[in-house]
Amino acid sequence: MLLSKLVCERTKEAPQDAKIKSHILLSRAGFIKQVAVGIYSMTTPCQKMSCKIQKIIREEMDALDGQEVLFPVVMPREIWELSDRYNTIGSEMVRFKDRNNRDMLLGMTHEEAAVHLANHIVSSYAQLPMMIYQIQTKFRDEARSRGGLIRVREFTMKDAYSFHESKEDLEKYYYRVYDAYYRIFKRIGLKNFIDIKSDSGMMGGSIAHEFMLLTEVGEDSIVLCNNCDYRANMEVAEGKINTPSVQEQPLELVFTGEDKTIDEVCARLKKSKEESCKAVVFAVKGNSEEVVIAFIRGDLEVNEAKLKKILGKEIVPYDGGVSEAVACGNIGPYELDKSIITVYDKSLERVDSLVIGANKAEYHYVGFNFSRDLPNAKFNDIAKVRGGDRCPVCGGKLRVENGIEIGNIFQLGTKYTKSMGMTVHGADGGEFNPIMGCYGIGVGRAIASVAQEASDDKGLSLPMSIAPWQVHICPLRLDDRNVNKKAYALYQKLTKAGVDVLFDDRSAAAGVKFNDADLMGMPIRIVVSPKSLATDEVEITVRKSGESNKVAYKDAVKSVKAIIKSQLDELNA
RNA sequence: CGGGGUGUAGCGCAGUUUGGUAGCGCGCUUGGUUCGGGACCAAGAGGCCGUGGGUUCGAAUCCCGCCACUCCGACCA
């Protein structure tokens, strides 16, 4: 490819809105161009990279006996009503009417389509296990896109769906996919990634893992143990905390005036926050009359994901109180209106003397004791883990890091096969609903993740396996007849040898060419110049290490192929 | 969905307070001199100042509406 013709505009300055490295570099290198919020065009280098990632994914999926299919982007309402997701999914799903006034939608995931297809084809247990996958555009109307390609509305995703006769078979297959995911991420050049147990959320099913790239700019919080290999998404992470040892005391009503926050009340009463109980008020989504109060120790925060799971309902923060008389700041568990849904965090269970709201303006109680004063209270874990809490497995210290979700795998169970009426004949002559797994990887997000990780202050430094071109030739002084002849000849020879080459045919200054090469990040740079040709050599520089060697012109192809091979071997190891 | 911010040339920005002929840097075109880490000289092209309305002799600038983009938060199968 000749750089002068390449559809890809580099800029010196980053777009003002780009905040994170991958977004800045992909924009500056001209790999992506925003069209609307969360919607991007990809230029040639980016598309080539996407194709190479897809090729690796296909190889690994095919090795699992996956069969590539293509589901539609636009689907009718009907199949989504069978799983009830037409109604349960909110406005992230784009719905519209076709010319005949039929309800249609844009696919944001394809469990329904997968079951619809499999249901028509699979009728016997002998056809199982079976996995189908696709690589296709999805549209999710995210409330807020950000971070360049990290969180977008339209994106290319590989999604796979497997069908099994038994839970055991699913589990066996699930862990094969798990291993394949490790290979995929390693092969595309990601380094600092881990898998974590995750909340299967609204997908249904039980066991699920997320693959996370650990990076400061990640939007997810991950809890990791410094001592053992416990790790979990913040949504499901558990931590152990110390219980303060306080003497049991009689319950006593105390005046606290205008002090409402935990800090104010504890300061006035000279108590530590660990001996207080705070109330966090939520409303059930779609019904602001239905109030839920979560009680938790004053120094902790409520983990809304855990709370939702316990309630089985969507909730939203609510800033009102339990009544006009008792606003936030004086709510307590003692003698509270019984019609209100309450949830108690386990952090409160063994504190023998608590400061609580009195459900009465300007008053709190001290000396509250759950086992004495509210013996029927049930305790759940609804606390957000903090860095420094202790590991639930080994007791070691927990830390919290940020990550980007680069893939996920779910054991779905029979949620979709049951609701959509997919049955298969078993060996015993009976019928059963196949057990499903599903497995996703976002291709664009993988590109952003690589850009985030594989880069330095000069620009991208792309892995050999997915770089759009493996070699970037920078001829200096193309007006020099010898340089011109030898540089173009080298370009031809490398191309013939099966190497992907980008050739900078512009008559620009050396600095311009070098800076563009550094920014675009091809793994090997070759300089052909009057200086190098004086000794009949070219200069080969490895982008990653910066290591540079002069190689005899006639050995250049051999030398390049050796570097390519060693870098690919390292990624495939 | 809540709270801030910004829309002026392909990109990055100044000009808006105090209304008076549309500016700068980069990039682009042409010619010349340069040539191993973002060269120099000269000459050019390129803008309905987001959009609709209002005020005014006159609006990028003042007023009102709308749209888009963006940051923080909520949300995120």
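Numbers restart at 1 for each chain; the letters A, B, ... are given by sequence-line order, proteins then strands. What you see is a predicted model; the values in this text were computed from it and never measured. The figures here come from the full heavy-atom set of this structure, side chains too, leaving out hydrogens, waters and symmetry mates.
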Check this for me: does any side-chain nitrogen of one of A:D299 and A:K278 sit under 4.0 Å from a carboxylate oxygen of the other?
no
Under 3.5 Å for both donor-acceptor distances, Watson-Crick or wobble: does B:U6 have a partner, and if so which one?
B:A68
Decide, yes or no, whether a salt bridge links A:D505 with A:K5 under the criterion of side-chain N to carboxylate O below 4.0 Å.
no
For the pair A:E111 and A:K415, find out whether any cationic side-chain nitrogen is under 4.0 Å from an anionic carboxylate oxygen.
no
Could you walk me through whether A:K21 and A:S455 pass the side-chain hydrogen bond (donor to acceptor under 3.5 Å, both in side chains) test, one step at a time?
CA-CA 8 Å; A:K21 201 163 69 169; A:S455 54; 3.3 Å; yes
P-based separation of B:A59 from B:U55 [nearest Å]
11 Å
Go ahead and name the base partner of B:G73; Watson-Crick or wobble counts if both distances stay under 3.5 Å, otherwise write none.
B:C1
If I take atom NZ in residue A:K12 and atom C1' in nucleotide B:C24, what distance separates them, rounded to the nearest angstrom?
15 Å
Measuring to OP1 and OP2 of B:G27, would you say a side-chain N or O of A:R10 lies under 4.0 angstrom away?
no
Quick one: the side chain of A:E92 and the base of B:A77, do they pair up donor-acceptor inside 3.5 Å?
yes
Whole-Å gap separating C1' (B:A77) and CD (A:E405):
10 Å
Mind checking the C1' distance from B:U21 to B:C26? Whole angstroms is fine.
26 Å
Any donor-acceptor pair under 3.5 Å from A:N303 side chain to A:M234 backbone
yes
Separation of B:A9 C1' from A:E13 CD (nearest whole Å)
14 Å
What does B:G19 pair with, Watson-Crick or G-U, if both distances are under 3.5 Å?
none
Once hydrogens and angles are ignored, does a donor-acceptor distance under 3.5 Å link the base of B:G37 to the side chain of A:R525?
yes
On a whole-Å scale, what distance lies between the C1' atoms belonging to B:A22 and B:G15?
9 Å
Scanning all shown strands, the Watson-Crick or wobble mate of B:C35 with both distances under 3.5 Å is none
Could you check how far NZ of A:K550 sits from P of B:G36, rounded to whole Å?
13 Å
With a 3.5 angstrom cut-off on both distances, give the Watson-Crick or G-U wobble partner of B:C11, or none if there isn't one.
B:G25
Any donor-acceptor N/O pair under 3.5 Å between B:G36 base and A:E539 side chain
yes
Answer for the Watson-Crick or wobble partner of B:U56, both distances under 3.5 Å, is none
Establish whether the base of B:C75 is bridged to the side chain of A:R144 by a donor-acceptor pair shorter than 3.5 Å.
no
Is it true that A:D141 and A:R95 make a salt bridge, defined as a side-chain N closer than 4.0 Å to a carboxylate O?
no
Can you measure A:E9 atom CD to B:G12 atom P for me and round it to whole angstrom units?
10 Å
Between B:A60 and B:G53, how far apart are the P atoms? Round to whole Å, please.
14 Å
Pairing nucleotide - B:G47, Watson-Crick or G-U, each distance under 3.5 Å
none
Starting from C1' on B:G36, measure out to CG on A:D516 and report it in whole angstrom.
15 Å
Side-chain donor/acceptor contact of A:R151 with base of B:C75 under 3.5 Å
yes
Any strand, both distances under 3.5 Å, Watson-Crick or G-U wobble: B:A42 pairs with B:U30
